[in-house]
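Here is the structure we will look at.
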Protein chains: 2
Amino acid sequence: MLKNIEGLLIDLDGTIFKGEQLIPKAEEAITYFRSLNKKVVYLSNRGNISRKMCLHKLLQHGIKTVEQDIILSSTVTALFIKKHYPFGSVWILGNDGLKEEMKTYDVELANIPEEADFLVITLHDDIHYSELNLAFKAAKHGARIIATNSDKMYPNENGSAIDVAGMIGAIEATTGRKTELVIGKPSCFMMEAALEQLMLPANKCMIIGDSLESDIAMGKLQGMKTTLVLSGNTSTDMIDSVHKKRRPDYIVESIFDVR
Amino acid sequence: MLKNIEGLLIDLDGTIFKGEQLIPKAEEAITYFRSLNKKVVYLSNRGNISRKMCLHKLLQHGIKTVEQDIILSSTVTALFIKKHYPFGSVWILGNDGLKEEMKTYDVELANIPEEADFLVITLHDDIHYSELNLAFKAAKHGARIIATNSDKMYPNENGSAIDVAGMIGAIEATTGRKTELVIGKPSCFMMEAALEQLMLPANKCMIIGDSLESDIAMGKLQGMKTTLVLSGNTSTDMIDSVHKKRRPDYIVESIFDVR
């Protein structure tokens with residue numbers, strides 16, 4: 001499977017982690033890839049944590065990496081705004097991780113919602129009505145909506161939990177405004193950030209992930225090898241329902257089986 | 001007003017044209033700008049016409065320009081897809097102008113909706129149910145949604161008419177999928193295309209348009225001088241309702257008054 005592959009783009013939730021737990025032998029898989037001198041980046045749609053927080057979690061579980069090899073939708077959103085809207089100020093609806101990432105990349109945070117040029121939405125898994133209301137005010141006063149990603153739900157200990165799409169839905173429904181840009185996978189913004197870090201063309205890379213749309217279809221579209229892991233959200237019967245051009249090259253139980 | 005300004009970004013509908021009619025003295029205004037050696041680009045959210053069609057209309061009304069100085073959301077959408085998704089195929093929901101623009105920039109058109117990687121939506125002012133249904137099929141089978149713009153309505157001879165947002169709404173409501181990218185103004189994609197053509201930094205340019213959000217707020221955010229014309233969709237009482245940072249530097253009756 002790994003012949004002619006120089007770089008690996010590895011999803012996190014469902015591929016390396018299941019909630020707070022490491023997927024069995026995931027760290028051994030990474031050690032194996034490293035022993036073959038493959039370059040590795042972690043490419044995740046998580047928009048509510050910062051690179052620093054993510055690095056801490058990976059290291060805690062015995063996966064050695066550096067911040068630059070972690071590419072989150074929070075990271076790419078902050079970099080996008082800094083590059084394309086250097087004078088723009090943002091209001092955040094989401095956990096503090098996104099705010100931390102904006103600060104790291106020197107994106108201006110608005111002092112009051114009414115002054116924000118953009119409302120950036122991600123998951124806020126500890127949200128209170130007052131925070132929803134401040135975001136509502138930002139959009140109502142003209143802030144344009146950017147979302148780190150638009151995942152509808154994520155699996156946790158108690159089944160499925162409401163994800164970013166719920167935060168977006170609340171604001172769109174009440175303000176009549178619409179999201180103009182979703183940064184997360186399967187967008188070109190995530191893919192290009194990963195390939196830039198790897199310094200490799202797509203056809204020398206493989207993406208490993210548990211999502212048919214965010215990981216597999218994205219990889220196929222860019223001319224990359226693709227491996228679906230069954231350790232996350234996708235079961236084999238779901239594969240038949242997608243067009244054959246969007247089906248994975250390989251299907252494995254877990255990342256440890258990528259050999 | 002034009003002191004220290006080297007480039008002009010000029011909106012079309014509401015600024016140069018009102019429906020099929022030229023706004024009085026608009027061509028004289030352009031001649032005047034040219035006599036001062038100002039560079040001019042036309043920057044419009046129209047996504048259902050091609051550059052060629054737009055050039056024809058401008059020439060017919062006595063406004064001399066070239067295709068390269070016309071930047072439409074159809075143009076920028078086609079260029080975006082070709083650059084960032086070179087292997088992507090598209091299905092179009094919209095008038096033929098957008099299809100023409102895709103062909104010009106060598107974007108692959110899918111043979112059947114089920115095979116499209118992207119559904120690109122723009123205004124289709126002659127739409128039939130069967131076309132809506134084909135677009136529905138594309139999105140239902142996994143095509144990701146990109147919109148040329150998301151304008152809700154446009155003025156015509158009989159008042160207001162349903163615009164692109166109506167086409168988007170039909171597809172989103174029925175497929176459960178959401179638009180991940182809107183290319184049109186006030187996006188950075190349009191602004192950057194215009195500045196690249198002008199070969200000027202934003203602070204040497206002025207944008208002239210009739211929309212507080214698409215033209216004025218965009219210009220202000222990028223550090224440009226801004227002039228609102230009252231010949232289109234905006235009246236003076238609407239200006240007070242936006243944050244002072246998003247108010248125009250100048251307000252004039254029509255483009256002829258930009259001196």
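In what follows, chains are A, B, ... by sequence order, proteins preceding strands, each numbered from 1.
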Answer with side chain, backbone, both or neither: which region of [X] has an atom nearer than 4.5 Å to a non-hydrogen atom of chain A?
X: S89(B); answer: side chain
X: E115(B); answer: both
X: K220(B); answer: neither
X: E213(B); answer: side chain
X: A202(B); answer: neither
X: H243(B); answer: side chain

**Fill in**
If you tally heavy-atom pairs under 4.5 Å between each of P186(A), S241(A), S150(A), S187(A) and chain B, the highest tally belongs to P186(A)
**Message:** Can you tell me which of P86(A), C188(A), G88(A) forms the most heavy-atom pairs within a distance under 4.5 Å of chain B?
**Reply:** C188(A)
**Request:** Output the residues of residues 140-147 of chain B for which the shortest heavy-atom distance to chain A is under 4.5 Å, in residue-number order; output 'none' if no such residue exists.
**Result:** H141(B), G142(B), A143(B), R144(B)
**Request:** Residue by residue, scan residues 171-183 of chain B and write down, ordered by number, those that have a heavy-atom distance under 4.5 Å to chain A; if none do, write 'none'.
**Result:**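 Expected list: E172(B), G176(B), R177(B), K178(B), T179(B), E180(B), L181(B), V182(B).
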Is the [atom1] atom of [X] crowded by more than 12 outside heavy atoms at less than 6.0 Å?
X: K82(B); atom1: NZ; result: yes
X: K204(B); atom1: NZ; result: no
X: D237(A); atom1: CG; result: yes
X: M1(A); atom1: CE; result: yes
X: K137(B); atom1: NZ; result: no
X: E192(B); atom1: CD; result: yes
X: K245(A); atom1: NZ; result: yes

**Message:** Given 3.5 Å as the limit, does a donor-acceptor pair link the side chain of Y85(B) with the main chain of L221(A), or not?
**Reply:**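 Judged by distance alone, no pair lies under 3.5 Å.
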